[in-house]
Amino acid sequence: MSIAEKLPSILIANRGEIACRVIRTARRLGLRTIAVHSDADAEALFVQMADEAYRIGPAPARESYLDAAKILAVAKEAGAACIHPGYGFLSENADFAEACAQAGIVFVGPPASAIRAMGLKDAAKALVEKAGVPVVPGYHGAEQSVDFLAKEAGRIGYPVLIKAVAGGGGKGMKKVERPEDFADALTSAQREGQSAFGDGRVLVEKYVLSPRHVEIQVFGDSHGNVVHLFERDCSLQRRHQKVIEEAPAPGMTEEVRAAMGKAATEAARAVGYVGAGTVEFIADGRDGLRADRFYFMEMNTRLQVEHPVTEAITGLDLVELQLKVAAGEPLGLSQSDVTATGHAVEARLYAEDPEKGFLPSTGKLWALQFPEGQGIRIDTGVEAGDTVTPFYDPMIAKVIAHGATRDEALDRLGAALGETIVAGPRTNLAFLKALTEAKGFREGPFDTGFIERNITALGAEPQPLDAAAVAAAALQLEEEREVAVVMQAAERADGEARSPWLVADAFSLMPRPALGLPLLVDGERVEARIEWHEDGARVSLPGHEIGEGEHEIALAQAERGTWLALHRGRQTSVALFDPFSVDLDAAAGSGGVVKAPMHGKLIALFVSAGDVVVKGQRLAIVEAMKMEHVLTAPRDGTVNEIGAEPGAQVAEGAKVVVLGE
Ligand code: MV4
């Protein structure tokens, strides 16, 4: 019996690229596809792709993609045979998996019991350790006194890492190098754990040096088979967010792969795992990867963002395997059937600004273009004209490259990133491109600290004005302006508009005086000068050298009068300066108006009206997209006005604090 006969329809309880990804395979297999969407996604690509679509609520995820009851009700109404949760949202929610089963709908994922077992990070470690899986040496018990834990640290051997039991994403982690620093670090880890998670308990582990994040893709079926699909190296992270993933892991040997694969499948078996899962290991990378120097960290009980890397080297469709297993069929793969070919790399293209601390960058995608090429795969959920909203993860696409060798894969990835065009939101394109070319990454070995150590060399800091980009946009603006002026002239001449080009030709015969063009470049005033020579127009910017352009500059039109110049992965916004329509506070740069950088919630306000503040002083914190953005005083001054109270939602650009002299 085919998959579609057992599971004739599928509801995708997710959005964006992963919803598109799941729909593609489900459709190929003959399943009827059902999308659910929030108001913000009513026109989204995944909604258009699906056979049917249902609105489940307003934009905030809590009221839509996280509303389990609503999604289940829609699934029943639509007669969905199964639900694919994608990643994030409800994908690792054991209660949801259970509720699906109770409603007679197949949850495309592991049993609720396996999600629960791996969800408690501490208990999961103890459980897999019993199954013979290596874990980092440490103390994971109940005793929490400083004397006891300090003794344990001594037994484990310094350096040690104190981790909040409830921690995650690096919060509540303290590295301790020497016994005399232990007590203070403990107090601080306990305090962080208490304030961030409401749980002050900690564990103490041996600190793994030069840590590398190597994970194993596993698959189980309901007939007791468990196989692994090799490893992925995800060591290129920034603040615990993956940036580039690849397979195989650089320096991986058959011996280490076999040991890691065995440990991963044993961890999966220990919890009765069914479906796609990932077992994360931390490896001590000081002397390359070694069979006795990797340790279980946690298991992710879902399909991961980076699964295309594994698909590229194995030639398998992981969503198809998920559906096969969900339909109750055996995997039909033994370990020796799974083979790997070549090397694959994935880069996560984000709407964020590396030059401003990777602040998420929202807004309309005025242009969006991806290359096609040998070994290139693009997984995206947006198209030109869509808007990146502040409500969800701002990933624009995954760019995946496959090649015979690591160098070939990285060359292809770099070339593909170079040909990618995104206009509107700022992106990490230039940063990703720089990573593909970074010597330390190309040559290896590298660990999880690589990006942080090289952040400046990777261009993630404010860059000087891109004069070549401004010049290209200035010419474009002048041409537009010329056409507009000529059209007006033509209208005046005979009372009706006609083709401006006829008249423009006449104009071009006359010698033209140089022209000053007042511009707003990324919100700052810049004066451009255009001169006409026999061979064409030439732009200069006082105080700026315009280099000979080896790289193409693409121009995309945003709002009328604004052009976005894309050059080497960076965007420069150029508009004619209009003194009647600009925000003078912003244009002057020295304004005392402190605005919310994006749509979010004001979670703290440190000043009140009348306070005297100094430049750089913390004024408020806006929480947006799971991150806290600290607003600081742009200059010395006195607080004249408070624009929002703590707890309030603030729109992007909303006044939070206004400073006077
Ligand atoms: C560690 C470690 C070194 N030694 N544990 C960071 C997040 C959490 N999930 C586990 N993390 C780490 N645990 C020991 N005993 C270093 C890290 C770590 C890390 C781990 C995986 C991927 C990226 C990382 C970045 C910094 C630190």
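Computed from a predicted structure; not experimentally measured. Indexing begins at 1, ligand by ligand and atom by atom, following the structure's order.
Looking at ligand 1, you'll find an N or O of Lys206 within less than 3.5 Å of one of its N or O atoms. The shortest N or O to N or O distance between Glu205 and ligand 1 is below 3.5 Å. Any N or O atom pair closer than 3.5 Å counts here, and Val208 shares at least one such pair with ligand 1.
Applying the side chain to side chain donor-acceptor pair (under 3.5 Å) rule to pairs touching residues 127-141 yields His140-Glu205, sequence neighbours excluded.
Relative ring orientation between Tyr158 and Phe182 is described as perpendicular, the plane-to-plane angle rising above 60° on a 0-90° scale split at 30° and 60°.
For ligand 1, the atoms sitting less than 4.0 Å from at least one non-hydrogen atom of Thr448 are 22 (C), 23 (C), 24 (C), 25 (C), 26 (C), numbered in the order shown with element in parentheses. Interface of Val136 with ligand 1, defined as ligand atoms under 4.0 Å from a residue heavy atom, comprises 15 (N). Less than 4.0 angstrom separates some heavy atom of Met297 from each of these atoms of ligand 1: 5 (N), 10 (C). Counting atoms of ligand 1 from 1 in the listed order, those under 4.0 Å from a heavy atom of Met173 are 6 (C), 11 (N).
Using modelled atom types and a 3.5 Å distance limit, the side chains of Tyr350 and Asp393 yield a donor-acceptor pair.
Checked against the 6.0 Å centroid threshold, Tyr392 and Tyr65 count as a close aromatic pair.
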May I have the list of side-chain donor-acceptor pairs in residues 258-265 shorter than 3.5 Å, sequence neighbours left out?
{"unit_1": "Lys262", "atom_1": "NZ", "unit_2": "Glu266", "atom_2": "OE2", "d": "3.4"}
{"unit_1": "Thr265", "atom_1": "OG1", "unit_2": "Gly261", "atom_2": "O", "d": "3.0"}
{"unit_1": "Thr265", "atom_1": "OG1", "unit_2": "Lys262", "atom_2": "O", "d": "3.0"}

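Nearest heavy atom pair, residue Val135 against residue Lys125, reads CG1-O, 3.8 Å.
Checking Ile451, Ile282, Asp447 against atom 20 (C) of ligand 1, the nearest heavy atom belongs to Ile282. Looking at His213, Lys121, His240 and measuring to atom 18 (C) of ligand 1, the nearest heavy atom belongs to His240.
At least one heavy atom of Lys163 sits under 4.0 Å from some atom of ligand 1.
For the side-chain contact (heavy atoms from CB on, under 4.5 Å) with Met299, the qualifying choice from Val218, Val133, Val128 is Val218, the only one to do so.
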